[in-house]
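Data block below; observations after.
Just so you know, these numbers come straight off a predicted model, no measurement behind them. The chains referred to below are lettered A, B, ... by the order of the sequence lines, with proteins before strands, and numbering in each begins at 1.
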Protein chains: 2
Amino acid sequence: MILLNEKKYSFSTEIFFEIFDDRLKLMIIWYLSNGTMRFKDLSKYLYPITNKTLSFKLKQLEELHLIERKVFAEVPPKVEYTLSSHGELLKPVINEIIAWSQYYAKTFGTMVVEE
Amino acid sequence: MILLNEKKYSFSTEIFFEIFDDRLKLMIIWYLSNGTMRFKDLSKYLYPITNKTLSFKLKQLEELHLIERKVFAEVPPKVEYTLSSHGELLKPVINEIIAWSQYYAKTFGTMVVEE
DNA sequence: AATATAAGTATATTTTAGTATACTAATATC
DNA sequence: GATATTAGTATACTAAAATATACTTATATT
C-alpha cells in the first residue's frame, strides 16, 4: 500500500523520489509515454523482469494515479496500460532527462542507439 | 567502478537511469544544486544514511564527473562537494521534477513544507 | 589526560528487491 | 486430446544494497 498522504516532505522533489524510488517505475512511464502497451510488451522491453515484479510496479503506478489499466474480456487475457492525465504531465520531466542524457552521452562518448 | 562507456543504450534515458539507479545520487545532486556542501551537511540532510553509503555515492558521482571534491589540509578534515559543470546542467531536470511534484502534491493533497 | 571533531574506512549483519520456477484460467489451434 | 496463449499469482530463494557498530587520524578544547 502506498500512503503518500500520510507523509510530510521537507522539499518538493521528495515526492518524486518517493514515487520513483526505483528506475523501473520511471522506465514504465517512459515506455507508456509513447502510447498504450500490453503487459507482455512491457515485459519484453523491460527484460529481464519477472512477471511478479512488473505486476507489482504496475499496481503501484495505478495506485499513484499515474497509469490506467483496461481489462478486455478475452481469452487469452488482454490488459492495456496507458498513461493517465497525471502521468502525461511527466513528459516534460522525461524530455529534460532525454536532453541531458544526450548531452552526457555526446560529452563522454557513451553510445546511444536511438531516441 | 563505473564503466558507462562500455555499454550501449537502446534509448537515451537509459543513461540517466544507469546513473541515477537509486534516489540517493539524485538527492545529492538536488542538495548540491543549492550550493557547496560538506560531507557532514549531506549526511545530516540525507539522514538516515551511513557514512559508508554516502561516501560510496559521492565517489560514484565524482567518477561520473557530476560533482567535484575539494580537500582542505585541516584538522579535523574538511572536504567540500560542489556540482561540476555537467552536474549543473541537471538543473533543468530538477526544475521539471520540482514543478511536477508540486502539481502532484496540490492535486493529491500531499504536504510539502518548503521548496 | 580525556574528549571532541570531520571525513571517512572496516567488518559483520540485516533488509529488501528482484529472480527462478511452477502454476492457473478459458479458449483456440494442431 | 495435447499444446499454446496472456496476465497474472504463489512460493522459495538469492544477491545486492544499506545498516549498525567500532575504529582512525591529528589537532584543539576542557
Side-chain angles (χ1 to χ4, degrees), chain A residues 1-3 7 14 16-32 35-64 66-83, chain B residues 1-4 7 14 17-32 35-64 66-83:
Chain A
M1 257 278 259
I2 297 172
L3 291 171
K7 296 194 68 174
E14 259 186 75
F16 183 86
F17 299 133
E18 189 71 24
I19 292 173
F20 298 104
D21 54 340
D22 59 277
R23 59 192 264 179
L24 282 175
K25 290 213 290 295
L26 198 51
M27 285 178 88
I28 291 172
I29 296 288
W30 192 92
Y31 280 116
L32 293 184
T36 296
M37 279 193 152
R38 297 179 63 177
F39 187 90
K40 212 204 171 192
D41 301 325
L42 286 166
S43 177
K44 190 176 63 188
Y45 286 117
L46 293 169
Y47 180 85
I49 192 175
T50 60
N51 286 1
K52 184 190 171 191
T53 302
L54 180 54
S55 173
F56 181 59
K57 298 296 170 189
L58 288 168
K59 211 165 283 175
Q60 286 187 314
L61 287 170
E62 206 191 347
E63 275 188 57
L64 291 161
L66 298 183
I67 64 172
E68 276 155 21
R69 185 169 175 275
K70 192 177 176 189
V71 184
F72 295 80
E74 296 179 14
V75 169
K78 179 176 174 182
V79 179
E80 280 183 357
Y81 291 95
T82 317
L83 285 194
Chain B
M1 256 283 259
I2 297 172
L3 291 171
L4 279 177
K7 296 194 69 172
E14 258 186 76
F17 298 133
E18 189 71 25
I19 292 173
F20 298 104
D21 53 342
D22 61 276
R23 62 191 261 180
L24 281 175
K25 290 213 289 295
L26 197 50
M27 286 179 86
I28 291 172
I29 296 288
W30 192 92
Y31 280 116
L32 293 184
T36 296
M37 277 192 155
R38 297 178 65 175
F39 187 90
K40 212 203 171 190
D41 300 326
L42 287 167
S43 177
K44 190 176 64 188
Y45 285 118
L46 293 168
Y47 181 87
I49 192 174
T50 58
N51 286 1
K52 184 187 172 191
T53 302
L54 179 54
S55 173
F56 181 59
K57 297 298 169 187
L58 289 168
K59 212 166 281 175
Q60 286 186 312
L61 287 171
E62 206 191 345
E63 277 189 56
L64 290 160
L66 299 182
I67 65 172
E68 277 156 20
R69 185 169 175 275
K70 190 176 175 189
V71 184
F72 294 80
E74 294 179 15
V75 169
K78 180 177 175 182
V79 179
E80 280 185 356
Y81 291 95
T82 317
L83 286 192

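A straight line from CZ of B:Arg23 to P of C:dT16 spans 14 Å, rounded to a whole angstrom. With rounding to whole Å, B:Phe39 atom CZ is found 8 Å from C:dT9 atom P. Distance, B:Leu46 CG to C:dA7 C1': 15 Å, rounded to whole Å. Taking atom CG on B:Leu58 and atom C1' on C:dT9, their separation rounds to 14 Å, with Å as the unit. Taking atom CZ of residue B:Phe72 and atom P of nucleotide C:dA6, one finds them 15 Å apart after rounding to whole Å. When rounded to the nearest whole Å, the span between OH of A:Tyr47 and C1' of C:dG18 equals 14 Å. Straight-line distance from the CD atom of A:Glu62 to the C1' atom of D:dA7: 14 Å, rounded to whole Å. Distance NZ (A:Lys78) to C1' (D:dG8): 17 Å, rounded to an integer number of Å.
A search for side chain to side chain contact (heavy atoms under 4.5 Å, CB included) contacts involving A:Phe72 returns A:Lys70, A:Glu74, A:Lys78, A:Glu80, not counting sequence neighbours.
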Filtered N/O pairs between nucleotides 10-19 of chain D and protein, under 3.5 Å:
| from | atom 1 | to | atom 2 | distance (Å) |
| --- | --- | --- | --- | --- |
| D:dA12 | N6 | A:Lys52 | NZ | 3.2 |
| D:dA18 | OP2 | B:Lys57 | NZ | 3.2 |
| D:dT19 | OP1 | B:Pro48 | O | 2.8 |
| D:dT19 | OP2 | B:Thr50 | N | 3.3 |
| D:dT19 | OP2 | B:Thr53 | OG1 | 3.4 |
| D:dT19 | O4 | B:Lys52 | NZ | 3.1 |

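When each of D:dG8, D:dA7, C:dT9 is scored by its nearest atom to the side-chain atoms of A:Pro77, the top-ranked nucleotide is D:dA7. Of the listed nucleotides (C:dT9, D:dA7, C:dT27), C:dT27 has the atom at the smallest distance from the side chain of A:Val75.
Between A:Leu42 and A:Ile49, the closest side-chain pair of non-hydrogen atoms is not below 4.5 Å. Between B:Ile28 and B:Tyr81, the closest side-chain pair of non-hydrogen atoms is not below 4.5 Å. Within the 4.5 Å cutoff, no side-chain heavy atoms of A:Leu46 are placed close to those of A:Lys57. A 4.5 Å side-chain heavy-atom check between A:Leu32 and A:Leu61 finds every atom pair outside the cut-off.
Here B:Arg38 reaches the OP1 or OP2 of C:dA7: one of its side-chain N or O atoms lies under 4.0 Å away. A sub-4.0 Å separation between OP1 or OP2 of C:dA7 and a side-chain N or O of B:Lys59 is absent. At the phosphate of C:dA7, neither OP1 nor OP2 sits under 4.0 Å from any side-chain N or O atom of B:Lys40. Contact annotation: A:Tyr81 side-chain N/O to D:dG8 OP1/OP2 distance is under 4.0 Å. Distances shown here put every side-chain N or O of B:Ser43 at or beyond 4.0 Å from the OP1 or OP2 atom of C:dA7.
B:Arg69 comes within 4.0 angstrom of the backbone, heavy atoms only, and of no base.
Judged purely by atom type and a 3.5 angstrom limit, A:Asn51 has no side-chain atom pairing as donor or acceptor with the backbone of A:Leu54.
A distance of 10.5 Å separates CZ in A:Phe17 from CG in B:Asp22, rounded to the nearest 0.5 Å.
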